[in-house]
Student: 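Starting off with a structure, shown below.
A note on names: the letters A, B, ... follow the listed sequences, proteins ahead of strands, and every chain is numbered from 1. Worth knowing before you read on, the calculation uses all heavy atoms, side chains too, and leaves out hydrogens, waters and symmetry mates.
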Amino acid sequence: MDFPLFHLDFMGNRMLVAVIAILHVLINHALAVGFAPLVTLLEFRGYLKSKTKPEEGKVWDETARKLMFFAFVITTTVGALTGVGIWFAASLANPASLGSLIRVFYFAWFTEWIVFVLEVIFIMVYFLTWKKSNESPKNKRRHILFGVWLSIFSWLTMAIIVGILGFMMDPGSWVEKNSLVTGFLNPLYLPQLVFRTPVAMMMAGTVALMFVAYVMKKQNQWKTGILKYISFWILLWMPVAASGAFLYYWHIPRAMIGNLPVALGTQQFQDWYGSLITVMIVVIAIGFTVGILGTFSPRRLPKHLLIIPVIASFLFLGTFERIREFIRKPYVIGNYMYANGILVEEYPLYKETGLLPHTPYASMSTITESNKLAAGEAVFTLACTRCHTTHGISSVVRKFERMYGTENPLNEEAMKVYMQNMHNVRHYMPPFPGNDTELNALAAYLAEQQKRPKTLEGPQIKGVDVKEIKY
Amino acid sequence: MMLTVLNQIPVPKDIPLPMPLPEWLLVIILVFSFLLHILFINIMIGGGVLTFWYELKGKKNKDYDNLAREIAATITVNKSLAVVLGVAPLLSINVLYTLYFYSSNALTGNIWISIVPWVAVSFLLFYLHKYSWDRLADNKPVHLGILGIAVFSFLLIPFIFLTNINLMLFPERWGEIQGFFDALTLPNVFPRYFHFITASMAVTGLFLAFWFGRKGFKTKGKFESLSKNEIKKQMLNLALVATGLQFIFGPLLFLTLPAKGITWGLFWVILAGATLAGIVLYQLWKMINAQSNIPGKRFYLVLGLFTFLVAFMGTGRHMYRESALSTHKKMMAERTAAHWDAVRQAHENLLLPQVESEAGSYTPGQNIFQTNCVICHAPATRLIGPSMAEAVPVYENNADALKQWIKEPGRKRMDYPPMAGFPHFTEKQLTDVANYVLQTEWN
């Protein structure tokens, strides 16, 4: 309503956010939260070994350094930028919601930022002083200590963020008590943390295993020892990851009782929840297999198949991430703002007077027979485009075609009845926010879009219409 | 009511939530954290340019190749700090200027979001360049090519930020802008850009003079003929020339600022900054001629003066933004207040006794049917689900089965999508709607 609404008519705004966010979470969990302790441990092992077998100790140390090099390069480039990118993309996709969230969570994000700065400093100190640390045992010990600090701060950034996310999703706490503590008391907080921590460790292990298998030469006599150690690391974390996953799995429906009509009513959620158990069993089985095989017979690890556990562990996390989508709908901020960026409290006004008179970014305020289609497009932009496109991903036209079939052109009357009441049946949909004339215009626009498809360009390409508003 | 001509000025409503901190404190955080962020951005960009320059020079004189390598090593650290220190000002500008910042982001959206992959790739190229120095020692064109792309990116990316931050100051222009390149050509973007790049070179000169002047930096073994003093001199010369150039770019920037935000206060603050710049220039000149120690007394003096200079300029920048937006902010506040009055009025209207309407005469069962079932079921025609005329006979005299079905439906007709369930309906609601469905004539 109050922003020019950035819109990608093929990919959809949500996909943009999703791509950046998923990339960030995977890098963060595998290469920061999980890698830091794993690498530190490998370095520590190397240090212990070097006391009796200096040559072997050196190989361990060098392998740990190479692993860290890889993590350092990726986290400080793609990792860091996708982190900022989530902000950029989210503010484009739903400026009203990010603008609101940031007013309430300023302190939380600020705290997160301080921890984050420290994490960056530690990762630089840790990696960039590595070669120097090999000059004396004393330096080495101090260096390992930096690794420990890095591990702690990497984990802390994750622990704080999970709390913030928990608070944002908790339907009650946003409206009633504006305290961040509720985020950490959220019933899903601990299960999430108990799940994410070992999965991050497992992810790091699978990546490290593949990395070592490819980077170290076959002739290197210490290679099997290192592979064995990393496999053992995976194996050790597997029971924790498995129980964390089951704990989380068990808690999800219980935590969602507050959103009952939202969650349990949707077929999608049921399908997802049902398939979750399969994913869990498969991934845990793969994890155990790799762990056991590598621990007891590292030579038999099939080098080219080591990508499988990496993908599996990434999928593991990714599948669970989907829950946030289920929990929040139809809101973007629980009970406060709908996914379309419109406040629950504003609905009575918009239902009464329509949306168009209240936005400066549509050329018309009233709908006539001659501007009906243009008005329909404006209403579509305001009410639908945060999640839907015309013909791309999550296309509105295709959704209607799937319901009504394609034998006959879309029926405007039927679509109107549908959109007027959809929130009662499709609980993830917000109610239509405008008045009846706007609904007519929207239905006409959608029918026209089916007949003569036309890409809806966002303001980043076609600019915005501006009109004066009386107040 | 405002008296200005409102034509074409979008007046949105503000976010109806209080600021997390008093505004003045947020402003201090914003200006301070932004300057810190930009300091590292400056030496990151300047460092990139100098690395390229010295590596190019290094093709003739190996010493300069080594110097370039030393500078490249600082970029890794500076660029990471630059990114992470950018988060605090980003948060703060998001809070303080939500409506302005997000609007200009959206209007230049595709280029704005391209910052993410573009910067990430440039950073990767810097690493590639840094860690392939020995391997590509005999293949300088490729090595320089990698660096060239990265540095070129660094030189272009500031345009995106500057365009955005400039566009947000002029809501009256938002209606005319069609995409990034339109916004780029608004007055003031280019003067800002040259001012910024020159500042980057000046800051980098000062930083590297310190970096190579410090006690811990040993030239032994690294250079054949290049002395510490010579490096220092070159860096200070750079700082001197760049600061001097600002006496061209600075006034150019000031004179091209659209008049709407210029006040006398701003003028004095900028003038004070410029005066300090003059003193810095003089001190740099003396430092170069006297070959002063770095770090040393005079260096600290220059550093102190420079800090004040930057603080003045940063303050001026903020003052311009504030006064450029002050009228619009007032209009926005008025409209927001009016809007929330209207919202309250609409809530009160809801409480008024309903005018007798069709909906008012519905029975409870009919009511449920009209707000839920009609979405998919019409009396006699196929919609998303089958027509009622077709579906009802199945449950003739069997209300319980119908209730069970509504609560947890399955799938009966394979040529229709499965029906959505209503597990949240109460027993009464189920009974009402089932009775209504079974007692109505559907034809």
Student: Less than 4.5 Å apart, any side-chain heavy atom of B:Leu21 and any of A:Phe107?
Tutor: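 Contact flag for B:Leu21/A:Phe107 side chains = yes.
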
Student: If you round to the nearest 0.5 Å, how far is OG1 of A:Thr77 from CG of B:Leu128?
Tutor: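 Between atom CG of B:Leu128 and atom OG1 of A:Thr77 there are 11.5 Å.
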
Student: Using non-hydrogen atoms only, which part of B:Lys130 is less than 4.5 Å away from chain A: side chain, backbone, both, or neither?
Tutor: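 Looking at B:Lys130, just its side chain touches chain A.
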
Student: With no hydrogens and no angle check, just 3.5 Å: does a side-chain donor-acceptor pair link B:His347 and A:Glu345?
Tutor: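 No, because no side-chain N or O of B:His347 sits under 3.5 Å from a partner of the opposite role on A:Glu345.
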
Student: Drop me the distance from A:Asp2's CG to B:Met332's CE, to the nearest 0.5 angstrom.
Tutor: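 Rounded to the nearest 0.5 Å, the CG-CE separation comes to 9.0 Å.
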
Student: A:Trp113 side chain to B:Val84 main-chain N or O, any donor-acceptor pair under 3.5 Å?
Tutor: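 Looks like yes, one N/O pair under 3.5 Å.
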
Student: Between B:Ile29, B:Leu81, B:Asn110, B:Asn105, who has the most heavy-atom pairs with chain A when the cutoff is under 4.5 Å?
Tutor: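 Most heavy-atom pairs within the cutoff with chain A belong to B:Asn110.
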
Student: State, to 0.1 Å, how close B:Gln178 and A:Ile461 come at their nearest heavy-atom pair, and which atoms those are.
Tutor: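 Where B:Gln178 meets A:Ile461 most closely, the heavy atoms are CB-O, 3.7 Å.
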
Student: Which of the residues B:Trp174, B:Phe180, B:Trp112, B:Phe101 is involved in the greatest number of heavy-atom pairs with chain A at under 4.5 angstrom?
Tutor: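 Option with the top pair count is B:Trp112.
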
Student: Looking at A:Ala89, A:Pro4, A:Pro459, A:Gly83, which has the largest count of heavy-atom pairs under 4.5 Å with chain B?
Tutor: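 Highest number of heavy-atom pairs under 4.5 Å: A:Pro4.
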
Student: Could you check if a side-chain atom of A:Ile20 sits within less than 4.5 angstrom of a side-chain atom of B:Ile113, using non-hydrogen atoms only?
Tutor: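 Yes, close enough: below the 4.5 Å cut-off.
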
Student: Would you mind checking which part of B:Leu124 comes under 4.5 Å of any heavy atom in chain A, side chain (CB onward), backbone (N, CA, C, O), both or neither?
Tutor: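 The answer is both parts of B:Leu124.
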
Student: Between A:Asn421 (side chain only) and B:Asn372 (backbone N and O only), is there a donor and an acceptor less than 3.5 Å apart?
Tutor: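 No.
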
Student: Which heavy atom in B:Val83 sits nearest to a heavy atom in A:Ala80, and how many Å separate them?
Tutor: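 Nearest heavy atoms, B:Val83 then A:Ala80: CG1-CB, 4.2 Å.
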
Student: Checking B:Pro18 against chain A: side chain, backbone, both or neither under 4.5 Å from a heavy atom?
Tutor: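 When you check distances to chain A, only backbone atoms of B:Pro18 fall under 4.5 Å.
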
Student: I'd like to know whether A:Tyr336 forms a side chain to side chain contact (heavy atoms under 4.5 Å, CB included) with B:Leu17, so could you lay out the CA-CA distance, the side-chain angles of the two residues, the decisive distance to 0.1 Å, and finally the verdict.
Tutor: CA-CA 12 Å; A:Tyr336 177 75; B:Leu17 289 167; 3.5 Å; yes

Student: Does any heavy atom of chain B fall under 4.5 Å from the side chain of A:Met1, the backbone, both, or neither of them?
Tutor: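 Just the side chain, heavy atoms under 4.5 Å.
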
Student: With a 4.5 Å heavy-atom cut-off, do B:Pro12 and A:Phe3 have their side chains touching?
Tutor: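 No, every pair of side-chain atoms sits at 4.5 Å or beyond.
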
Student: Under a 4.5 Å cutoff for heavy-atom pairs, which residue among B:Cys373, B:Cys376, B:Ala338, B:Ser80 has the most contacts with chain A?
Tutor: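 Top count of heavy-atom pairs under 4.5 Å with chain A: B:Ser80.
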
Student: With a 4.5 angstrom heavy-atom cut-off, which part of B:Gln370 approaches chain A: side chain, backbone, both or neither?
Tutor: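 Just the backbone, heavy atoms under 4.5 Å.
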
Student: Tell me, for A:Leu8 versus chain B, whether the close heavy atoms (under 4.5 Å) come from the side chain, the backbone, both or neither.
Tutor: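 Neither part.
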
Student: Decide yes or no for A:Glu352 and B:Asn349: does some side-chain heavy atom of the first lie under 4.5 Å from some side-chain heavy atom of the second?
Tutor: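 A:Glu352 reaches B:Asn349 side chain to side chain.
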
Student: Please assess B:Thr98 against A:Leu98 for the test side chain to side chain contact (heavy atoms under 4.5 Å, CB included), listing each intermediate value before the final yes or no.
Tutor: CA-CA 9 Å; B:Thr98 320; A:Leu98 197 67; over 6 Å; no

Student: I need the residue from B:Gly175, B:Gly385, B:Ser104, B:Gly109 with the largest number of non-hydrogen atom pairs under 4.5 Å to chain A.
Tutor: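 The candidate making the most pairs under 4.5 Å is B:Gly109.
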
Student: Side-chain contact, heavy-atom cut-off 4.5 Å: B:Trp118 with A:Leu81?
Tutor: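 No, every pair of side-chain atoms sits at 4.5 Å or beyond.
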
Student: What distance do A:His423 atom NE2 and B:Ile375 atom CD1 have between them, rounded to the nearest 0.5 Å?
Tutor: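 So the gap between those two atoms works out to 8.0 Å.
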
Student: Quick one: which of A:Tyr106, A:Phe110, A:Phe6 has the most heavy-atom pairs under 4.5 Å with chain B, could you say?
Tutor: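 Counting heavy-atom pairs under 4.5 Å, the top option is A:Tyr106.
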
Student: Is B:Tyr102 close to A:Leu92 at the side-chain level, that is, under 4.5 Å between some pair of heavy atoms?
Tutor: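 When only atoms from C-beta onward are counted, B:Tyr102 and A:Leu92 do not touch, as no gap falls below 4.5 Å.
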
Student: Kindly indicate whether the side chain of B:Ile9, heavy atoms from C-beta on, has any atom under 4.5 Å from the side chain of A:Val466.
Tutor: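 No, side chains not in contact.
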
Student: Quick one, A:Val73 and B:Phe123 - any side-chain contact, counting heavy atoms below 4.5 Å?
Tutor: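 A side-chain contact under 4.5 Å is absent here.
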
Student: When rounded to the nearest 0.5 angstrom, what distance separates CD1 in B:Ile15 from OG in A:Ser97?
Tutor: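 The OG atom of A:Ser97 is 8.5 Å from CD1 of B:Ile15, to the nearest 0.5 Å.
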
Student: What pair of heavy atoms forms the shortest contact from A:Asn424 to B:Phe422, and how long is it?
Tutor: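 Smallest heavy-atom distance, with atoms named: O-CE2, 4.0 Å.
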
Student: Can you tell me how far apart NZ (A:Lys462) and CG (B:Leu107) are? Round to the nearest 0.5 Å.
Tutor: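 Going from NZ on A:Lys462 over to CG on B:Leu107, the span is 11.5 Å.
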
Student: Quick one: which of B:Glu176, B:Met19, B:Arg335 has the most heavy-atom pairs under 4.5 Å with chain A, could you say?
Tutor: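 Heavy-atom pairs under 4.5 Å are most numerous for B:Arg335.
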
Student: Taking every non-hydrogen pair under 4.5 Å, which of B:Thr76, B:Val87, B:Asn94, B:Thr371 racks up the most with chain A?
Tutor: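 Option with the greatest count: B:Thr371.
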
Student: Are A:Tyr418 and B:Leu383 close enough, and set up right, to give a side chain to side chain contact (heavy atoms under 4.5 Å, CB included), and what steps lead you there?
Tutor: CA-CA 10 Å; A:Tyr418 176 82; B:Leu383 220 49; over 6 Å; no

Student: Heavy-atom cut-off 4.5 Å, strictly under: side chain, backbone, both or neither for A:Met124 against chain B?
Tutor: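 Answer is side chain: those atoms of A:Met124 sit under 4.5 Å from chain B.
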
Student: Yes or no on side chain to side chain contact (heavy atoms under 4.5 Å, CB included) for A:Glu346 and B:His339, after CA distance, side-chain angles and deciding distance?
Tutor: CA-CA 9 Å; A:Glu346 291 176 298; B:His339 172 77; 2.7 Å; yes

